[in-house]
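What follows is a single structure, written as structure tokens, with notes after it.
Computed over heavy atoms, backbone and side chain alike; hydrogens, waters and symmetry mates excluded. Proteins come first, then strands; the chains are lettered A, B, ... in the order of their sequence lines, and each starts at number 1.
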Amino acid sequence: MKEIPKAYSPNEVEDKWYKYWEEHNLFSSEIDETKEPYTIVIPPPNITGMLTMGHILNNSIQDVYIRYKRMQGFNALWVPGTDHASIATETKVVNYLKEQGIDKEEIGREEFLKHCHVWKEKYGGIITKQLRKLGVSCDWKRERFTMDDEYYKSVIHTFVKLYKEGLIYRGNRMVNWCPVSKSAISDEEVIFKSSNGKLWYFKYPVKDSNEFVIVATTRPETMLGDTGVAVNPKDERFKHLIGKKIILPIVGREIPIFTDDYVDMEFGTGAVKITPAHDVNDYDMGKRHSLEMINIFKEDATTNKNVPLDYQSKDRYEVRKLVVAKLEELGLLEKTEDYTNNVGYSERGGVPIEPYLSEQWFMKMEDFVKPALEVVREGKVNFHPNHWIKTYEHWLGNIRDWCISRQLWWGHRIPVWYHNETNEIYCDENPPTDLENWTQDNDVLDTWASSWLWAQDVFTSEEEQKYYYPTNLLVTGPDIIFFWVARMIMAGMKFMNDIPFKDVYFTSIIRDEQGRKMSKSLGNSPDPLDVIDQYGADALRFTINYIAPLGQDVQFSTDKTELGRNFANKIWNAGRFLLMNAENIKIDNNLLDKHVDFVDEWIATKFQNAIEQYTTSLDKYEINGATKILYSYVWNDFCDWYIELTKDRLYNSESEEIKSAVLTRAINHFDNMLRMIHPFMPFLSEELWSLIAERKDGESISVAQFPLLDKSAINKLAESKMDFVQSIITSIRNIRGEMNIPPSKKIDVLLKTDTLEEDQIKYIQTIARINKLEFGADISKPKASASSVIKNCEIYIPLEGIIDLQVERDRLTKEIQRLEGALIGVNKKLSNERFVNNAPKEVVEKENAKKTDWENSLETLKSILDDLT
RNA sequence: GGGUCCUUAGCUCAGUUGGUUAGAGUGUCUGCUUGACGUGCAGGAAGUCAGUGGUUCGAAUCCACUAGGACCCACCA
């Protein structure tokens with residue numbers, strides 16, 4: 001047999017097994033009516049994307065579930081794919097071309113799209129390749145892209161259907177305009193940032209009067225588009241001016257002074273300049289009062305011909321300076337104040353958005369709201385953690401129509417044609433037959449108006465949709481709850497008449513050690529591939545799940561991965577121990593239930609408990625609970641105790657058959673443990689599983705049966721026998737530690753107890769490294785000894801000549817004090833009549849039992865201490 | 001302005017229907033070449049469960065308020 005290295009080295013193991021899994025199609029799924037499907041669709045990453053720590057968390061969670069369910073016998077399917085990410089990709093491609101001196105407008109739509117497709121070919125696969133490194137068990141044969149032919153058709157089909165139902169309409173409305181992308185964006189794509197700006201006070205001259213009306217503004221440049229000044233109808237200060245006109249400075253336009261309830265008398269001067277074409281609230285007021293709407297900007301937010309010549313074709317911030325300077329020159333700048341307000345930025349463009357009046361396509365949201373709310377309220381779709389329901393409800397309750405058109409080229413082009421002469425609108429999946437007389441709408445759809453169909457449209461046939469839909473689990477960050485989660489539910493209810501998924505798991509946000517969000521600009525995000533390279537994919541998967549509780553942000557730093565690395569190494573070495581023994585001891589499955597003792601029964605019991613808790617945790621989406629159960633079973637129960645305790649029988653048994661039985665059983669336990677480990681640590685578990693037995697080609701732990709709960713394996717008696725052994729050993733170790741007796745030195749021990757049996761003694765003797773062990777109810781305390789008292793047992797270690805009496809006295813005193821402190825609490829409770837009368841009987845009994853135990857121990861300890869003094 | 005979440009050992013966090021002497025990892029201290037593992041083993045020290053008040057026989061856990069922190073929504077020029 002080949003040499004097994006002392007340390008687990010993940011790198012070659014990972015590559016080997018991922019290849020193996022793919023070659024044997026272990027993750028592919030087809031319709032199989034005899035099996036229940038378990039389906040996850042990947043939240044499609046951008047084709048501009050690189051793997052982030054967020055992806056690691058997100059995808060390892062999904063992989064845990066898909067592997068877990070696959071092993072449980074479900075027909076598990078995880079569909080991977082990517083999103084064309086219209087605006088994000090187009091921005092990148094435009095920039096890339098700009099670097100080469102190519103202008104998007106110059107080369108034209110068709111040529112530009114060619115570049116986009118080249119980009120997609122080049123970068124589209126990067127992230128999915130990186131995901132493989134993490135070990136994700138996706139069915140790669142089903143990989144989808146939101147602009148695949150079939151998907152494209154489906155998106156267009158949906159548009160046409162909704163248009164024909166009257167749910168999609170076109171309108172000239174105020175939208176959030178991104179001057180960088182030169183496109184409208186949705187409300188969700190606007191990020192508000194607090195910014196330190198100024199509040200300028202302008203004096204607007206009243207016509208035919210010497211008076212001025214002072215208005216305050218944060219955006220002086222928009223005054224060039226002012227078409228009114230509004231005051232509150234109750235405001236006495238302005239009563240005499242209502243109905244009069246203002247001569248707008250610089251421009252010279254006459255604009256009315258009018259009243260509107262919207263105006264807050266307390267704020268600023270109580271008079272508001274109104275720019276209906278460049279502010280949402282002004283727009284509403286403009287409509288109410290039939291004000292002129294003067295658009296002063298071009299689509300890149302430079303000024304157009306509607307402003308005086310000197311101010312034309314200039315950037316909005318340049319115009320701001322000019323306007324302020326000019327008004328100051330005219331003596332119309334009253335004052336300037338510092339002012340902090342929130343400015344909406346374009347998520348992709350990174351610049352302040354411009355409220356902009358333009359012709360756009362909208363989707364009516366009203367009809368979508370009710371079913372989407374119902375399924376979540378009724379628990380058909382479950383959110384984890386469920387407090388996100390409130391956020392979801394709030395958004396749905398205040399939803400506005402969705403602007404779905406984008407003035408971009410990369411995306412699903414709106415299937416609408418306008419007649420060149422009559423301007424008639426034609427909307428259909430197929431272009432009009434007399435195409436030469438028509439012109440197609442230039443806009444494409446918002447990315448989310450395609451990805452909201454993801455859960456249904458990744459399945460290309462009706463049979464598949466019928467079988468796999470609805471999917472089971474969606475794992476995603478709460479940041480896209482509106483963009484994607486809510487809209488997928490809407491789409492599901494509308495087009496499939498069913499929910500898109502049953503459970504939604506909202507992941508934590510990964511932060512750095514200082515609690516800051518990980519971001520490219522801060523440079524505080526480690527490259528997950530480096531972490532995988534350094535520690536292994538399993539280590540990273542385990543660690544991130546171990547430290548990421550449901551619904552809480554998590555602070556990550558690379559060195560935390562040592563936790564998972566050490567854990568992987570521990571498992572590796574447990575396997576190594578068994579394999580080394582298997583070189584000398586025969587494995588014989590016929591002996592699986594021969595020569596069983598209480599330790600075997602105990603570990604079987606512990607395993608059942610672990611499996612039960614692990615399963616319950618995963619079923620409740622308490623993933624980090626599952627990792628903790630796994631960790632403590634593997635490390636504390638299996639390695640620290642079980643393996644240690646098998647050594648005696650493995651090395652010292654009188655017959656080879658006993659050795660074989662013990663080792664065979666140990667390997668069997670290990671096999672089961674590996675299955676429990678596998679969803680979290682697929683590579684390591686596969687490697688060890690392949691080593692502990694002969695495996696046929698194509699066999700894999702990833703499709704092996706997940707351990708079933710077997711309550712008959714639970715043995716309470718064995719558990720309590722083991723408990724007793726453990727507490728005696730721990731006590732002896734404790735004494736050794738505090739008395740500084742090195743482990744190499746064997747000691748004599750006396751145990752005063754009447755509940756020990758021969759099979760327990762054997763283990764205590766070897767594990768505690770005991771030379772001579774005496775036990776029984778009639779043991780009497782030796783003269784000079786270190787002592788300890790536990791429930792039903794007094795422990796004496798004779799240390800004549802060696803013992804430091806003062807150390808021993810301190811030890812005993814400390815223990816006595818601890819017990820006395822604990823007893824105070826119990827006595828207080830038990831002497832309280834109301835406790836005895838009101839608390840449940842079991843609780844009172846438990847307290848009584850504690851009291852008796854502690855009092856007995858205390859009494860013994862005190863007499864031992866007295867002997868010493 | 002409206003809402004959600006958090007505050008437990010030096011650090012990172014468990015503690016899920018109120019009943020343990022409040023746990024783990026890490027760090028720290030002590031000892032250890034124990035026939036898998038020093039990426040390890042054994043042991044020790046370390047906590048006014050943010051504060052105040054309330055409900056209760058009993059509160060880290062439930063309620064109210066206060067303080068500090070994170071986030072979401074809205075957006076008054």
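One P atom belongs to B/A50, the other to B/C41, and the distance between them is 32 Å to the nearest Å. Separating the C1' atom of B/G10 from that of B/C29 is a span of 14 Å, rounded to the nearest Å. Nucleotides B/A77 and B/A70, compared at atom C1', are 30 Å apart to the nearest Å. Nucleotides B/A59 and B/C49 have their C1' atoms positioned 11 Å apart, rounded to a whole Å. Look at the P atom in both B/U16 and B/A22: the space between them is 15 Å, to the nearest Å. Nucleotides B/G51 and B/U7 have their C1' atoms positioned 11 Å apart, rounded to a whole Å. B/C72 sits 36 Å from B/G27 when the C1' atoms are compared, rounded to a whole Å. Comparing B/A45 with B/C6, their C1' atoms sit 29 Å apart, to the nearest whole Å.
Applying the 4.0 Å criterion to OP1 and OP2 of B/U4, one finds that A/Lys390 has a side-chain N or O inside that range. Close to B/G58, at under 4.0 Å from its OP1 or OP2, lies no side-chain N or O of A/Lys829. At the phosphate of B/G3, neither OP1 nor OP2 sits under 4.0 Å from any side-chain N or O atom of A/Trp388. Phosphate proximity of B/C37 to A/Asn566: absent, as no side-chain N or O sits under 4.0 Å from OP1 or OP2. Phosphate proximity of B/A77 to A/Tyr339: present, with a side-chain N or O under 4.0 Å from OP1 or OP2. At the phosphate of B/G40, neither OP1 nor OP2 sits under 4.0 Å from any side-chain N or O atom of A/Tyr8. Here A/Lys560 does not reach the OP1 or OP2 of B/G25: none of its side-chain N or O atoms lies under 4.0 Å away. At B/A36, one or more side-chain N or O atoms of A/Lys647 fall inside 4.0 Å of OP1 or OP2 (strictly under the cut-off).
In the interface, the side chain of A/Asn342 is paired with the base of B/C75 through a donor and an acceptor atom under 3.5 Å apart. With hydrogens and angles left out, the side chain of A/Glu644 and the base of B/A36 share a donor-acceptor pair within 3.5 Å.
Ion pairing between A/Lys628 and A/Glu622 fails under the 4.0 Å rule for side-chain N and carboxylate O. The residues A/Arg811 and A/Glu808 are annotated as salt-bridged, a charged nitrogen and a carboxylate oxygen being separated by less than 4.0 angstrom.
One atom, CD of A/Gln765, and another, C1' of B/U34, lie 16 Å apart when rounded to the nearest Å. Between A/Lys193 atom NZ and B/C71 atom P the separation is 14 Å, expressed in whole Å. Between the CZ atom of A/Arg811 and the P atom of B/G43 there is a distance of 14 Å, rounded to whole Å. Here the P atom of nucleotide B/C37 and the CG atom of A/Asn636 are 19 Å apart, to the nearest Å. Note: CZ (A/Arg733) to C1' (B/G43) measures 9 Å, nearest angstrom.
In this structure, the separation between CD1 on A/Ile728 and OH on A/Tyr763 is 15.0 Å, given to the nearest 0.5 Å. Taking OH of A/Tyr631 as the reference point, atom CD1 of A/Ile571 lies at 10.0 Å (rounded to 0.5 Å). Note that CG of A/Asn545 is 6.0 Å distant from CG of A/Leu57, once rounded to the nearest 0.5 Å.
Along RNA chain B, the nucleotide nearest to A/Gly575 and the one nearest to A/Glu562 differ in position, and the one closer to the 5' end is contacted by A/Glu562.
Side-chain N/O atoms of A/Glu189 and A/Ser186 include a donor and acceptor closer than 3.5 Å.
A/Ile547 comes within 4.0 angstrom of nothing in the nucleic acid, heavy atoms only. Looking at heavy-atom distances under 4.0 Å, A/Lys814 makes contact with sugar-phosphate atoms alone, never a base. Within 4.0 Å (heavy atoms only), A/Thr730 reaches sugar-phosphate atoms of the nucleic acid but no base atom.
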